[in-house]
2 protein chains.
Amino acid sequence: MPTRTGRPPKISRAEIVTAADRVIEQDGVAGLTMRRLAKEVGSTAMAIYHHVRDKDELLLLLLDSYAATLPKPELPREPRERLVAAAVAMHEALSARPWAVEVLRADDLLSVGALWYPEHIVDAAMRAGLSPEEAVDAYRIVWHYTAGEISARVAAGKRREEGGTTYRERVFADLDPAAFPRLSEVGERWAELTARDTYAKGVRALAQGLLP
Amino acid sequence: MPTRTGRPPKISRAEIVTAADRVIEQDGVAGLTMRRLAKEVGSTAMAIYHHVRDKDELLLLLLDSYAATLPKPELPREPRERLVAAAVAMHEALSARPWAVEVLRADDLLSVGALWYPEHIVDAAMRAGLSPEEAVDAYRIVWHYTAGEISARVAAGKRREEGGTTYRERVFADLDPAAFPRLSEVGERWAELTARDTYAKGVRALAQGLLP
DNA sequence: ACCTGAACACCGTTCAAGT
DNA sequence: ACCTGAACACCGTTCAAGT
């Protein structure tokens, strides 16, 4: 074992990661800047680059550290219910850290610690009788739906925070009933209807449509 | 009609919008900066602010101008097929301008000119026998899936461009077969399997699961 | 009325120098 | 080996001044 020499470190990778998590909790991902993070760890922005290659790597570290804490619930035996339960668990994990979706969108699969979810969704699909290829398709379809739902939820939250009439409201306000009879029919109830949580409904539909 | 006085304009809103579309076509949304756009219209960044409130408004204008050009295909009569066809058309429209999803994620509905899609998806769902509430749920679920699929596609494209081993590949490389038997089984074929276009398969599953 | 240039308050990151 | 400060090359946007 080589003797470590030189100046002893003031900050560690672990410290940086927990500080970053704290910053995101307070100010959102957009609030996580290298300078702000430096302040949080009581150092300078440039010191961080000595422990982490760049901001992207930091986000991946953050992801892994969060993934490690995820619960691995007992899943029902019946294949269709099993798939739905695993998907709902994945959705819950992401709901707690919605920024993770933005980081993960790059890959249609979660980080190391979160492989549990795809594993069990693929497993459920295969237990239901799908081939490996079909099971992977099923997982990806569920993932796209899940990621899309979370993204919309995040965006809707931001919109509500900012307040004011949204583009959507203005669009609905001067809607031509002749051209859009169905949307006009729903009309003003749109906001109320779109606030409902329909995630589970969607996964159940997917499970029914995808599994034999 | 009041007489317009003062310095005649050198650039117009329409010019700005078409220039912005050109910039995005060449350099992607990330490449669309006010300074870059100014160069494209042959003016200064600040001149643009005289025609457009801010960058967000510019993106909405861009969206509307694109939406106006969208085809409105004849749809099949049979409700389930009708829903699938409308969704596929929406997916195609977004595939051609993937940045639109990023702008639209804010609202779970398209811009004025693109209302055609939700209108017909809701219509198909109601023709199939769903209540207005259920039909809106169905639309939103289809929208989340569609947006998620496009986002993943965009991200995958970027990843491929940048090249090099991705995080995902590294994750798969040292996969514990005991902990993740199903994923290990698929293993190296993952990249090949996830490259397949499964959008239509997903919508068909949704249609089957959501409609009576 | 429309356009311009300089400037502000930010980014992530590099570089050369310190301890 | 680790940290620092100054600096670079960017952002979107504001402001005061020009034509």
Side-chain angles (χ1 to χ4, degrees), chain A residues 1-21 23-24 26-63 99 102-103 106 158 161-162 164 167, chain B residues 1-21 23-24 26-63 99 102-103 106 158 161-162 164 167:
Chain A
M1 229 204 246
T3 340
R4 309 276 256 101
T5 65
R7 185 172 177 168
K10 279 173 67 178
I11 52 173
S12 70
R13 247 168 118 103
E15 255 178 292
I16 291 171
V17 170
T18 62
D21 200 50
V23 171
I24 290 181
Q26 285 168 34
D27 306 342
V29 227
L32 180 67
T33 69
M34 298 307 264
R35 287 167 176 85
R36 168 86 179 77
L37 177 56
K39 213 174 271 175
E40 189 77 18
V41 294
S43 186
T44 68
M46 305 318 129
I48 294 167
Y49 283 90
H50 218 270
H51 300 266
V52 152
R53 185 152 36 85
D54 53 19
K55 201 183 174 182
D56 275 356
E57 193 187 58
L58 174 64
L59 289 171
L60 284 178
L61 287 173
L62 213 48
L63 224 51
W99 54 266
E102 310 307 308
V103 179
K158 247 180 241 154
E161 256 175 38
E162 286 166 7
Y167 187 62
Chain B
M1 233 204 241
T3 341
R4 309 275 256 103
T5 64
R7 185 170 178 170
K10 279 173 66 179
I11 52 173
S12 69
R13 248 168 117 100
E15 254 178 292
I16 291 171
V17 170
T18 61
D21 200 51
V23 171
I24 290 181
Q26 284 168 35
D27 306 344
V29 227
L32 180 68
T33 70
M34 298 307 265
R35 288 168 176 86
R36 169 84 178 77
L37 176 58
K39 210 172 274 176
E40 190 78 18
V41 294
S43 187
T44 68
M46 306 317 129
I48 294 166
Y49 283 91
H50 218 269
H51 301 266
V52 152
R53 187 152 34 82
D54 53 20
K55 201 183 173 181
D56 275 358
E57 192 186 59
L58 173 64
L59 289 171
L60 283 178
L61 287 174
L62 213 47
L63 224 51
W99 54 266
E102 311 305 310
V103 179
K158 248 180 239 154
E161 256 175 38
E162 287 167 6
Y167 188 60

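Naming: A, B, ... by sequence-line order, numbering from 1 per chain.
Atoms CG and CG, from D21(A) and L61(A) in turn, are 12.0 Å apart once rounded to the nearest 0.5 Å. Note that CE of M34(B) is 10.0 Å distant from OG1 of T44(B), once rounded to the nearest 0.5 Å. With rounding to the nearest 0.5 Å, the separation of CD in E102(B) from CG in L59(B) is 11.0 Å.
Between the NZ atom of K39(B) and the P atom of dG5(C) there is a distance of 13 Å, given to the nearest Å. In this structure, the CD1 atom of I11(A) is 9 Å from the C1' atom of dC2(D), given to the nearest Å. In this structure, CD1 of I48(A) is placed 15 Å from C1' of dT14(C), rounded to the nearest angstrom. Rounded to a whole Å, the CD atom of E57(B) is 16 Å from the P atom of dG12(D). Between the C1' atom of dT13(C) and the NE2 atom of H50(A) lies a distance of 14 Å, rounded to the nearest Å. Between the CZ atom of R35(B) and the C1' atom of dC11(C) there is a distance of 12 Å, rounded to whole Å. Atom CZ in R13(B) sits roughly 16 Å away from atom P in dA1(C) (whole-Å rounding). Here the P atom of nucleotide dC11(C) and the CE atom of M34(A) are 12 Å apart, to the nearest Å.
Candidate nucleotides dA7(C), dT13(C), dT14(D) were compared by shortest atom distance to the side chain of M46(B), and dT14(D) ranks first. Listed nucleotides dT13(C), dT13(D), dT4(C) differ in distance to D54(A); the shortest reach to its side chain belongs to dT13(C). Of the candidates dC3(C), dT13(C), dT13(D), dT13(D) carries the atom nearest the K55(B) side chain, counting heavy atoms from C-beta on. Side-chain atoms of A47(A) lie closest to dT4(D) of the nucleotides dT13(C), dT4(C), dT4(D).
What you find for L63(A) and V103(A) is that their closest heavy atoms are CD2-CG1, 3.8 Å. Closest approach of A20(B) and L58(B) over heavy atoms only: CB-CD1, 4.4 Å. Nearest approach of A45(B) to A38(B), heavy atoms of both residues: N-CB, 3.2 Å.
A close approach under 4.0 Å does not occur between any side-chain nitrogen or oxygen of K10(B) and OP1 or OP2 of dC2(C). Here T33(A) does not reach the OP1 or OP2 of dC10(C): none of its side-chain N or O atoms lies under 4.0 Å away. Phosphate proximity of dC3(D) to H51(A): present, with a side-chain N or O under 4.0 Å from OP1 or OP2. The side chain of T44(A) places an N or O atom within less than 4.0 Å of a non-bridging phosphate oxygen (OP1 or OP2) of dT4(D). Distances shorter than 4.0 Å separate none of the side-chain N or O atoms of S43(A) from OP1 or OP2 on dC3(D).
Closest-nucleotide positions on DNA chain D for P9(A) and R36(B) were compared, and the one nearer the 5' end corresponds to P9(A).
The partner of dC8(C), taking Watson-Crick or G-U wobble pairs whose two distances both stay under 3.5 Å, is dG12(D). Shown here, dC2(D) forms a base pair with dG18(C); the pair counts as Watson-Crick or G-U wobble because both key distances fall under 3.5 Å.
Within 4.0 Å of L32(A), counting heavy atoms only, lie sugar-phosphate atoms of the nucleic acid but no base atom.
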